[in-house]
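Input: a single structure, listed below in structure tokens.
All heavy atoms count here, side chains included; hydrogens, waters and symmetry mates do not.
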Amino acid sequence: MADKYRLTVNIAESLLPIYNNKEEPYKLCISKKVGNDFNVVFQIKRPLMTNVFSWTEDYQIYLTTDPFESGAPVIRSDAAMVIHSQQLFTLTEFGTRQLTDGKNIPAGQFNFRNNFDDISAVISCSTAGGVYKPIYQQPTPTPTHGTARFTPKNYYKVWLQQNIDESYMLADIDSTACEVEYTKGVTQQTITLNNAEIWVGDVKSSDSAPNDDSS
């Protein structure tokens, strides 16, 4: 059984009237890193003083013919398939799908081989409740006979933003963001946005307190 991960996000009570204003309220967002990118909103919540996100390292893959567009929702074009580390997902020339154990695929990575028309893959991650939600869409489609490689990482971006929802492809972030890392053996982290709107706690890096230790 996959490990269950938990992130507790505390927000200073004095900030809640700002973030939960009636005109343009904010949502508390997290995004999961795939390769070098955070490009889809994984989970959101209406901010409270204490907010808990949870998930497992279980993944699905599916395909979309819709282009990557910042600020737009991910659109699914076919059924999702569960995929594990070191597996190869293939779209055949006939449009059928195959999942096999790949050769020479590093641990922590899975690949997509496209033998059909140009198309993009979407990666989803399971919440602790077993609901899969998108975490990544290819910005550029995989060409015919091309191979895409995906490496989900235990890095998470956290921020508050207006006019956004789960499964949205990321546009500009309009508030202070931070990153949280889960190193091997760590499954729980806690961060706090304090009265000065500075992220503190188990923070790897933050816009409010730059850190030279990049991921």
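Tyr168 and Pro73 get closest at one heavy-atom pair: CE1-CB, 3.9 Å. The minimum heavy-atom distance linking Leu160 with Ile11 is given by the pair CD2-CD1, 4.2 Å.
When ring centroids are compared, Tyr182 and Tyr5 come within the 6.0 Å threshold. Aromatic rings of Phe38 and Trp159 (six-membered ring for Trp) have centroids beyond the 6.0 Å cut-off, not under it.
Neither side chain, Ser54 nor Arg6, offers a donor N or O lying under 3.5 Å from an acceptor on the other. Side-chain contact check for Thr56 and Asp58: at least one donor-acceptor pair (N or O, by modelled atom type) lies under 3.5 Å. Inspection of the Glu179 and Tyr155 side chains reveals no N or O donor paired with an N or O acceptor under 3.5 Å. Under the 3.5 Å distance criterion, with hydrogens and angles disregarded, a donor-acceptor pair is assigned to the side chains of Trp55 and Tyr156. In summary, the side chains of Ser14 and Asn195 do present a donor paired with an acceptor at a separation below 3.5 Å, with no hydrogens or angles considered. Inspection of the Gln109 and Asn111 side chains reveals an N or O donor paired with an N or O acceptor under 3.5 Å.
The main-chain N or O of Ile164 is found under 3.5 Å from a side-chain atom of Lys27 such that the two form a donor-acceptor pair. Remark: side-chain polar atoms of Asp37 are not paired, donor with acceptor, to backbone N or O of Val34 under 3.5 angstrom. Looking only at distances, a side-chain donor or acceptor of Asn51 sits under 3.5 Å from a matching main-chain atom of Leu48.
Under 4.0 Å is where a charged nitrogen must lie from a carboxylate oxygen, and between Lys133 and Glu166 at least one such pair does.
At least one cation-pi condition fails for Lys32 and Tyr136: the charged atom is not both under 6.0 angstrom from the six-membered ring centre and inside a 45 degree cone around its axis.
Thr144 is linked by a side-chain hydrogen bond (donor to acceptor under 3.5 Å, both in side chains) to nothing, counting only residues two or more places apart in sequence or in another chain. Scanning for side-chain hydrogen bond (donor to acceptor under 3.5 Å, both in side chains) contacts around Thr187 gives an empty result, with sequence neighbours left out.
Glu197 is listed as a side-chain neighbour of Leu15, based on a closest heavy-atom distance under 4.5 Å.
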Could you give the side-chain donor-acceptor pairs of residues 63-70 under 3.5 Å, partners two or more places apart or in another chain?
from	atom 1	to	atom 2	distance (Å)
Thr64	OG1	Asp66	N	3.1
Thr64	OG1	Ile75	O	2.6
Ser70	OG	Leu170	O	2.9

